[in-house]
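Heads up, the thing below is written out as structure tokens.
Below, each value reflects all heavy atoms present in this structure, side chains not excepted, and no hydrogens, waters or symmetry copies. The chains referred to below are lettered A, B, ... by the order of the sequence lines, with proteins before strands, and numbering in each begins at 1.
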Amino acid sequence: MALQAVFFYLFAFVAVASAFMVISAKNPVHSVLFLILVFFNAAGLFLLTGAEFLAMILLVVYIGAVAVLFLFVVMMLDIDFAELRSGVLQYAPIGVLVGLIVAAELIVVIGGSVLTPVAASSITMPIPNPLVRTNTAVLGDVLYTHYVYFFQIAGMVLLVAMIGAIVLTLRHRQNIKRQDISAQVARTPETAVEVVKVKPGQGI
Amino acid sequence: MDDTFFSTYGWPALVMIAQSLLVLVCLLVFIAYILYADRKVWAAVQLRRGPNVVGPWGLFQSFADLLKFVFKEPIIPSGANKGVFLLAPLVSVTLALATWAVIPFNENWVIANINVGILYIFAISSLEVYGIIMAGWASNSKYPFLGALRSAAQMVSYEVSIGFVLVTVLLCVGSLNLSDMVFAQRDGLGTMMGLPASFLDWHWLPLFPMFIIFFISGLAETNRPPFDLPEAESELVAGYMVEYSSAPYMMLMLSEYAAILLICSLTTILFLGGWLPPVDIWILNWVPGIVWFIMKVLLIFFGYSMVKAFVPRYRYDQLMRLGWKVFLPLSLAMVIITAFVLKLMGWA
């Protein structure tokens, strides 16, 4: 247990410190890189609690896909940092408000489970023995057996969002050359080659 | 107190460090010769001799290159973002070597036999793109940046089809553990037809389309030719590696080859039965499993270097078309078909 405590404090400290660096780094690309470090340490924390599947999915989805796109966009943008930072105090009240709301919600949730652990555990499903059923299988039970309709609806929402994004951005330009692979493959010497007999000195 | 602490934490840690070092050293030597083999195969296809000066038949060429890289001066461009510039090769090489912790080379020959082994590999190899993006961005120059952007788009695209290929294999195996994947290939199509356990049982036969998709996606994922657009020398000089020299360059190169070997080993484990002998007879069973494993990895790698030698480079739009319009629908369809077959036949 001592070793787990050491690793917990290591991951937690690095996560908090790099989360701080995300908002304080001058360069936005550095911010995104620190954000990736936060995700990485969060995955480490998941591992410590035994949620290995969640840890790996966090790595694959958030770091492997979402943060890559983030980084992609941030690297391509040419941002003027001085201009961006000039009005930052203007938003301070809203930031403080959001922070307070999140803190209050956290206190309510954690306080509830500390004060009345029985009530808090009665609204969640019982946790199966990890030795009998791996947490990958248990997550599968929850997603695909108990809450399959919610899962499907969430999938539909994402599909609609995706189609919407494509519809909004897709433009078919008419006068450009496009490669049609099937047309290329279907070409034969008969359709592609024309044999012309040219008389000397006359051209075609 | 000290004694118990040592026996609970100290001794296992020492064993693990020793195992990791052993794997690391073997892997690095193996990579040195894989590089040599790659150059030799490439040269043979083009009717050249390849490296043949350092040592007998040029066998020590990679080590000579290593010394050259180490003793040359690393040059950091003045416009570069110094920290990220030096971090990028470190990140690439660390990630490329970290994946080897879960690879089973033989029965029980694995450093970390974790339950989610395949997901771990998938996660870490999806992080490998960061080494490239960071290298390209920190160089603060045109060609590396273009190379990094190409590479990011390419690796993210082909990861999707690799993911679906992994899902199909998972459906057949029913476990995320890599050793279980090899054990699952001890019986299959061949034994169902009444034959003794042989290479016909391995996943390459029932999942043949996925085997091909995995092979080609592996080429794209590791930026090998014909998908080496991130470092296309005719357009981008050396892509994201343009500004790198000496040891940092060597690290990028090393991580690239470690990633290639990893994809070869993964193909071996997923589709070619890992350490299992091709036919289950005593004389082949007597050969250690690690020998079969290495031979299968070398077979796949030979395929990789032959592809490098004789397939011309893809154009970028063709690359994207292949990934999104051919492999993605095909692998998605195969996931559904495999799931239905397994369920209807009662094999799952």
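Heavy-atom distances place the side chain of A/L33, and not its backbone, under 4.5 Å from chain B. Neither the backbone nor the side chain of A/L58 comes within contact range of chain B, judged by heavy atoms closer than 4.5 Å. For A/A43, no part sits under 4.5 Å from any heavy atom of chain B, backbone or side chain.
Scanning all heavy atoms of the two residues, the minimum distance from A/F72 to B/A153 falls at CE1-N, 4.1 Å.
Within a 6.0 Å radius of CZ in A/F11, other residues, nucleotides and ligands contribute more than 12 heavy atoms. When the shell of 6.0 Å around CZ of A/F39 is examined, it contains more than 12 heavy atoms from other residues, nucleotides or ligands.
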Quick one, A/H30 with B/N81, criterion side-chain contact (heavy atoms from CB on, under 4.5 Å). Give me CA distance, side-chain angles, the key distance, then yes/no.
CA-CA 10 Å; A/H30 290 175; B/N81 196 315; 3.1 Å; yes

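Residues B/L176 and A/F53 meet the side-chain proximity criterion, which asks for heavy atoms closer than 4.5 Å.
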What pairs of donor and acceptor atoms, side-chain ones from residues 117-136 of chain B against any protein atom, are under 3.5 angstrom apart with sequence neighbours left out?
from   : atom 1 : to     : atom 2 : distance (Å)
B/Y120 : OH     : B/A98  : O      : 3.1
B/S125 : OG     : B/I121 : O      : 2.8
B/S125 : OG     : B/F122 : O      : 3.2
B/S126 : OG     : B/F122 : O      : 3.4
B/S126 : OG     : B/A123 : O      : 2.6
B/Y130 : OH     : A/I63  : O      : 2.4
B/Y130 : OH     : A/V68  : N      : 3.2

